Amino acid sequence: MRVHYELANFLIASWRLATGGERLPTSHGILDRALETMSGKLPARFRDVLTFIDTPIGRLCAELPDILRAAQESYLTSEPNPTYRTAEIKIEAARAMDLLDDLEIDIDVGMAFGVSLAKAIGSETNALRKSHAA
C-alpha cells in the first residue's frame, strides 16, 4: 500500500533527524505504543492510517509490520528480523530532509515529530523495564 511507504518515509526521516541515526526500537510493542501516543501529532494524511488493537501481549499497531517492511524495502532501515530488537537507520540527514521534502512535509514538522516520538519511546521503554522489574 502506497501510504505505508509514505508513512515509513516520514517515520524514518523524522527519527533520523531527531536522533542522529540511533537505532529504532522495533520489539516488545515499544514502537507500537509510542506511535499510538503520538498518532494525534502525525501529519493529517497519516492520522487515519494506523489501527491499534488489544492483543495478549498488549496494544499493537496492526499496520506496523508492513510499515517496517516498507522502510526496509526502500533501504531506509536494516532488514526487520524477529530476533532483532532494533532497526538500523541506513540514511543520512540530507536524505531524510529530501524524503520529507518529497512528502511536502516541512523539515521542522518532521524533526518535531521525531523528537516527540523519541520521548514517547523512552517513556515506553522505561515502563517496560519497570514492569519487568516488578
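Quantities reported herein were computed from a predicted structural model and do not represent experimental measurements. Only heavy atoms go into these numbers, but all of them, side chains included; no hydrogens, no water, no symmetry mates.
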Chi angles and distances behind the side-chain contact (heavy atoms from CB on, under 4.5 Å) call for Leu117, Thr37: CA-CA 9 Å; Leu117 181 62; Thr37 300; over 6 Å; no
Candidate pair Leu99 and Ile12, rule side-chain contact (heavy atoms from CB on, under 4.5 Å), full reasoning: CA-CA 9 Å; Leu99 289 171; Ile12 300 306; 5.8 Å; no
Show the nearest heavy-atom pair for residues [X] and [Y], with the distance to one decimal.
{"X": "Arg59", "Y": "Arg33", "value": "O-CG, 3.7 Å"}
{"X": "Ala118", "Y": "Trp15", "value": "CA-CZ3, 3.6 Å"}
{"X": "Leu50", "Y": "Cys61", "value": "CD2-SG, 3.6 Å"}
{"X": "Glu6", "Y": "Arg45", "value": "OE1-NH2, 4.0 Å"}
{"X": "Ala13", "Y": "Ala96", "value": "CB-O, 3.5 Å"}
{"X": "Ala62", "Y": "Pro65", "value": "O-CD, 3.6 Å"}

Look at the side chain of [X] and the backbone N and O of [Y], then say whether any donor-acceptor pair between them is shorter than 3.5 Å.
{"X": "Arg85", "Y": "His28", "result": "no"}
{"X": "Arg47", "Y": "Leu42", "result": "yes"}
{"X": "Ser14", "Y": "Gly110", "result": "yes"}
{"X": "Ser74", "Y": "Leu76", "result": "no"}

Approximate separation, where rounding is to 0.5 Å, of [X] [atom1] and [Y] [atom2]:
{"X": "Arg95", "Y": "Asp101", "atom1": "CZ", "atom2": "CG", "answer": "10.5 Å"}
{"X": "Phe113", "Y": "Ile105", "atom1": "CZ", "atom2": "CD1", "answer": "10.0 Å"}
{"X": "Leu31", "Y": "Leu68", "atom1": "CG", "atom2": "CG", "answer": "6.0 Å"}
{"X": "Ile89", "Y": "Thr77", "atom1": "CD1", "atom2": "OG1", "answer": "6.5 Å"}
{"X": "Glu63", "Y": "Ile53", "atom1": "CD", "atom2": "CD1", "answer": "8.5 Å"}
{"X": "Glu124", "Y": "Glu36", "atom1": "CD", "atom2": "CD", "answer": "9.0 Å"}

His4 and Val49: CA distance, side-chain angles, deciding distance, side-chain contact (heavy atoms from CB on, under 4.5 Å) verdict: CA-CA 8 Å; His4 289 167; Val49 172; 4.1 Å; yes
Would you call [X] and [Y] a side-chain contact if the rule is heavy atoms closer than 4.5 Å?
{"X": "Asn9", "Y": "Leu100", "answer": "no"}
{"X": "Leu60", "Y": "Phe52", "answer": "no"}
{"X": "Tyr75", "Y": "Lys90", "answer": "no"}
{"X": "Ile121", "Y": "Leu24", "answer": "yes"}

Path from Ile107 to Leu7 over hydrophobic side-chain contacts below 4.5 Å: yes
Arg69 vs Glu73, salt bridge (Lys or Arg N to Asp or Glu O under 4.0 Å): CA-CA, chis, key distance, verdict: CA-CA 6 Å; Arg69 191 173 305 108; Glu73 288 174 0; 5.2 Å; no
Residue Asp54 excluded, over 12 heavy atoms near CG under 6.0 Å: yes
